Every structure is written in C-alpha cells, then in structure tokens.
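Worksheet: the structure to be examined is printed underneath.
Here the structure is a predicted model, which is why all the values come from computation and not from measurement. Heavy-atom basis, side chains included; hydrogens, waters and symmetry copies ignored.
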Amino acid sequence: MSLFKYVTSKTFFTQLAIAIAIVVVFTFIVIQLLAFRTNHGQEIKVPDLSKMKLEVAEEKLNDLNLNIFLLDTVEYNADYPPFSILEQDPKAGSFVKDGRKVYVKLNAGEFTEITIPEFKDKTFRQISATIKSLTLKEGKITYKPHIAKDVVLQIYQNGRRLRAGDKVKKNSTLDFVLGDGKEVFNEDTFSSEEPADTLAPVEETQPEEFKQGDDGL
C-alpha cells in the first residue's frame, strides 16, 4: 500500500484518533496531579501562634501542612510567657499556599541585666535621667541629714543596697536616699562609717524641686 493510500485510509484516521485521545488523557492526568501537589485554588488560613511554645506551634502548623522557621529571639517582653512566640510572618489570619513557611521570633527568657552607673556626688536630677535611659524605674525617695541637697547618697532595690557596678534586671524599680541639704558641716555628717546594706523603713517623701506648690510645679 502506498503512503498516500495509507494516510487517507480508515485505519490511519482510527489510529490518529486513538493517539490524540491518549495525549489528551495523559495531559489531563498531569494537570490534575500538579493541581493536587500545589493545592491549586486552595489556600490555608495561618493560625495565631502568639504566646505559644515553639513545639506546640510546630505541631499545629504541621497539621495544616505548613512549616515553621525560627528567625531570632528578641528582647524580653513581660506580656508574653518566656520563650513563647512573640512575632510571626505571615500574620495570623493570612491565607497562604500549602507548604508555606511561617517565620517566628521568640520572647527571651528574662529581662537583660543593667549595670548601676556611678552616682557618687551626683544629684537626683542628674542620676534620674541616666536611670530612665537605662529603662529602670524610680521608686521611693527618702531623705537623711546631709549638707548637700538632693545629692544621691544610697540606692536600694527591694531593700538591698546597690553600689556602682552592681547589676539589676531591666525594668527594675530603684529606691533613693537623698541628702536633705539641712545638715551643717560636722564630723558625723562626713563620717567614714558605711551605711547599712539594707534600707531601714522611713517615711516616703519627694525632692522639693519636684513637689507641687499651690501654683503647680
């Protein structure tokens, strides 16, 4: 049989139709497999991982066929449990494709430590600015007889006396003992005797320069 007769025969067209059908079916199957692998047209809602431990969040994301990736540990935030998730990307409520990575940052385990600065011969106003810049808080202020007004004599935390170079946790509250400026020079005022390492209970007062008068500050 000649080629011309073959390509115009019924047998050729039958075999051509079968070949085309096979190609169409194969193409359809491949498209369906790709759609299944990529969840074409389907999206997953990212859950809120805030305050979760890393292991719990990882299990939750695995159930949704999502992956977790730890970026960093950030500075301690007292509003979150230690070593819990503080930030996530994508945000909770976002819609992502199957297999997407969710990037998280963990809360540190505790506040960082702050070194108490040198406060000898400094006034409360001077040391107050430094204390605030170090993210420490001002607590009770009391006075004791001394020739210099508002000079910082001692600093305490929870009744424990602190010295320059000692370390406290960030966000700690410090109590101050200041000079009242009413003492006249005498040997007792400038005695070399060390003050006690614990703070005796005294009436709380405020420096006169920070008190409110009848007309305000």
Start with the C-alpha gap between Val168 and Leu136, add the side-chain angles, then the distance that decides, and say whether side-chain contact (heavy atoms from CB on, under 4.5 Å) holds.
-> CA-CA 9 Å; Val168 295; Leu136 298 172; 3.9 Å; yes
When you look at Tyr143 and Asp150, which way does the side chain to side chain donor-acceptor pair (under 3.5 Å) test go after all the steps?
-> CA-CA 8 Å; Tyr143 285 93; Asp150 290 336; 3.0 Å; yes
side-chain contact (heavy atoms from CB on, under 4.5 Å) between Leu153 and Phe176, intermediate numbers included | CA-CA 8 Å; Leu153 303 177; Phe176 295 85; over 6 Å; no
Please step through side-chain contact (heavy atoms from CB on, under 4.5 Å) for the pair Glu138 and Lys132, ending with a clear verdict.
-> CA-CA 8 Å; Glu138 297 171 7; Lys132 289 177 180 177; 3.3 Å; yes
Step by step, would you call Asp98 with Ile44 a side-chain contact (heavy atoms from CB on, under 4.5 Å)?
-> CA-CA 7 Å; Asp98 173 65; Ile44 301 170; 4.2 Å; yes
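Nearest heavy-atom pair, Ser133 versus Thr130, reported as atom, atom and distance to 0.1 Å: OG-O, 2.6 Å. The two residues Lys122 and Ile127 come nearest to each other via the heavy atoms CD-CD1, 4.5 Å. The two residues Thr173 and Gly139 have their closest heavy-atom pair at CG2-CA, 3.5 Å. Smallest separation of non-hydrogen atoms from Ile68 and Leu54: CD1-CD1, 3.7 Å. Of all heavy-atom pairs spanning Phe95 and Glu43, the tightest one is CB-OE1, 3.5 Å. In terms of heavy atoms, Ala164 sits closest to Pro117 at CB-O, 3.7 Å.
When the options Asn158, Leu162, Leu134 are evaluated for a side chain to side chain contact (heavy atoms under 4.5 Å, CB included) with Leu174, the one that passes is Leu162.
Under the 4.5 Å side-chain heavy-atom criterion for ILVMFWY residues, a single connected hydrophobic cluster contains both Leu70 and Val46. Hydrophobic clustering, with ILVMFWY side chains joined whenever heavy atoms are under 4.5 angstrom apart, groups Ile141 together with Val152. The cluster map of Ile, Leu, Val, Met, Phe, Trp and Tyr, joined by side-chain heavy atoms under 4.5 Å apart, puts Leu106 and Leu66 in the same cluster. A single hydrophobic cluster is seen to contain both Leu49 and Val56, as judged by linkage of ILVMFWY side chains at heavy-atom distances under 4.5 Å, directly or through other members. Tyr80 and Val104 fall into different hydrophobic clusters, where Ile, Leu, Val, Met, Phe, Trp and Tyr residues are linked whenever their side-chain heavy atoms come under 4.5 Å apart, directly or through other members.
In this structure, Lys169 is not positioned above the aromatic face of Phe111 in the sense of NZ or CZ being under 6.0 Å from the six-membered ring centre and within 45° of the axis.
Thr27 places a side-chain N or O within donor-acceptor distance of the main-chain N or O of Val23, the cut-off being under 3.5 Å. In this structure a side-chain-to-backbone donor-acceptor pair under 3.5 Å is present from Asp180 to His146. In this structure a side-chain-to-backbone donor-acceptor pair under 3.5 Å is present from Glu118 to Lys120. A donor-acceptor pair under 3.5 Å links the side-chain atoms of Asn107 to the main chain of Asn77, judged by distance alone. The closest donor-acceptor contact from the side chain of Ser84 to the backbone of Pro81 lies under 3.5 Å. With Gln88 contributing its side chain and Pro90 its backbone, the two residues share a donor-acceptor pair below 3.5 Å. Of the possible donor and acceptor atoms, none in the side chain of Asp63 sits under 3.5 Å from a partner among the backbone N and O of Lys60.
Here Lys53 contributes atom NZ and Phe83 contributes atom CZ; the two are 7.0 Å apart, rounded to the nearest 0.5 Å. A distance of 13.0 Å separates NZ of Lys101 from CG of Asp89, quoted to the nearest 0.5 Å. Atom CD of Glu58 and atom CE of Met52 lie 13.0 Å apart (nearest 0.5 Å). Atom OG of Ser172 sits about 8.0 Å away from atom CD1 of Ile116, to the nearest 0.5 Å. Distance CD/Gln154 to CG/Asp175: 11.5 Å, rounded to 0.5 Å. To the nearest 0.5 angstrom, Thr123 atom OG1 is 10.0 Å from Lys149 atom NZ.
For the pair Thr112/Tyr76, no side-chain contact is recorded, criterion being any heavy-atom separation below 4.5 Å from C-beta on.
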